Amino acid sequence: MPHPFDELNLEEVKGSHSVKWSLFPEDVLPLWVADMDYPVAEPILEAIRERLSRRIGYPQGAGDPELLEAIIEKQERLGLKGLQPENLWLTSSVVPGICASILALSSPGDEVITQVPVYHPFLIALKEFNRVTRVNPMQPGETRWEIDFEQLESLVTPGTRMLMLCNPQNPTGRVFTRAELEKLAEFALRHRLWVMVDELWSDLIYEGQHVPFASLSEEVAQRTVTLTGPCKAFNTAGLGGGVAISHNKEILARMQKVSLGIGGHPNVLSMAAWLGALRHGQPWLEQTLAYLKANRDFLTRFLAERLPEVRYTPPEATYLAWLDFRALGLEDPHAFALEQARVGLNDGAIFGEGFKGYLRLNFATSRPLLQEALERLASALKMSMVDS
């Protein structure tokens with residue numbers, strides 16, 4: 001029996017005016033920006049409809065109390081204990097939280113360390129705010145990407161102020177182990193670094209277990225701000241919604257100060273949707289995660305059988321595949337995929353220097369569409385080998 005996601009109505013998807021389906025020409029299959037092609041869970045839609053039935057006035061400045069409590073309860077289940085509503089600051093999404101943390105915890109000219117490849121707004125914000133980006137390139141292993149701790153130590157100078165971490169990691173899909181995170185925590189404490197950790201993907205894990213960085217110790221929690229939100233797990237990117245979490249209320253106060261007048265107030269529909277997701281969205285999420293895992297496994301088999309030259313390690317989390325096309329000898333794999341295969345992917349170069357030749361593929365679509373995109377890539381590559 002086919003899964004409902006196998007039979008997506010592409011006319012409805014295309015008619016949503018999303019950037020994913022409007023950036024490229026009509027004949028291009030877009031598997032790039034990180035949102036899903038699936039319908040939003042009915043409990044979320046019902047929560048939005050119910051909220052629209054009531055008066056929409058200015059929200060409470062800190063956000064709806066019910067949502068704050070639901071976020072705290074979820075973080076407690078993940079292992080982040082002892083939070084109160086004042087330890088949360090609702091943001092319009094995670095990216096403003098990234099920017100606010102950089103502005104609040106470092107100054108122009110300060111050095112900030114991050115692993116690469118990494119979610120490109122990390123790198124954009126550091127450049128635009130005149131911070132010195134110190135990169136710690138992850139190393140491809142046989143089964144997963146690894147942190148190079150020896151190189152990490154070499155990056156620290158008297159001007160280093162901050163460590164930025166993405167876990168689960170975008171784009172490699174790593175779920176860092178407790179041992180790895182403890183090693184990073186020891187490093188950060190020893191060098192007295194502030195830590196911003198983006199944990200937006202923590203609901204979308206296939207292997208491993210999410211360990212909140214700030215849960216490692218009270219000392220770590222006092223130097224950490226955690227960013228998360230509902231949009232990846234529940235496919236609500238267009239509604240926005242995010243939260244900055246810290247046991248150190250001074251960190252949140254600094255972030256709010258640098259965002260004064262530009263952060264806006266919490267959105268009532270976004271909060272209603274998020275609360276609906278936390279209270280009633282788990283069955284949908286579990287079904288969606290199972291479908292995503294099957295898509296990941298299908299992709300893994302296809303690459304092994306049809307495109308073995310593409311180096312790839314299956315992600316432990318996210319719905320993103322980090323593909324290494326360098327062995328194929330293409331001058332520009334991103335342009336090749338777009339122009340010859342008519343498949344729109346993310347160019348690896350935006351995720352950090354040294355990653356030209358990589359492509360990021362979003363497999364959160366229907367199985368038939370994913371297969372068609374992969375068939376297009378395989379056929380185009382076969383034709384290019386014949387022509388050469």
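Throughout, numbering of the chain's residues begins at 1 and tracks the sequence. All heavy atoms count here, side chains included; hydrogens, waters and symmetry mates do not. Note that the structure is predicted; figures quoted are calculated from it, not measured.
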Any side-chain heavy-atom pair of Pro168 and Ser202 under 4.5 Å:
yes
Hydrogens and angles aside, do [X] and [Y] bring a side-chain donor and acceptor to less than 3.5 Å of each other?
X      : Y      : result
Glu7   : Ser366 : no
Thr313 : Arg144 : no
Glu218 : His247 : no
Thr300 : Tyr312 : yes

Checking the side chain of Glu316 only, and the main-chain atoms of Phe176 only, is there a donor and an acceptor separated by less than 3.5 Å?
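No: the side chain of Glu316 does not pair with the backbone of Phe176.
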Does [X] come within less than 4.0 Å of [Y], counting only side-chain N to carboxylate O?
X      : Y      : value
Arg360 : Asp347 : no
Glu76  : Lys81  : yes
Glu305 : Arg301 : no
Glu219 : Arg223 : no

Should the ring pair Tyr119 and Phe122 be called parallel, tilted or perpendicular, given that the plane angle runs from 0 to 90° and is split at 30 and 60?
perpendicular
Which class fits the ring pair Tyr319 and Trp201: parallel under 30°, tilted 30 to 60°, perpendicular over 60°?
perpendicular
Does Tyr291 have Arg367 sitting over its ring (NZ/CZ under 6.0 Å from centre, angle to axis within 45°)?
yes
Consider side chain to side chain contact (heavy atoms under 4.5 Å, CB included). Of Thr226, Val195, Val225, which one does Ser101 pass it with?
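Result for side chain to side chain contact (heavy atoms under 4.5 Å, CB included) with Ser101: Val225.
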Contacts table for residues 248-258: side-chain donor-acceptor under 3.5 angstrom, sequence neighbours left out:
| from | atom 1 | to | atom 2 | distance (Å) |
| --- | --- | --- | --- | --- |
| Asn248 | OD1 | Glu250 | N | 3.0 |
| Asn248 | ND2 | Gln222 | O | 2.8 |
| Arg254 | NH1 | Ala104 | O | 3.4 |

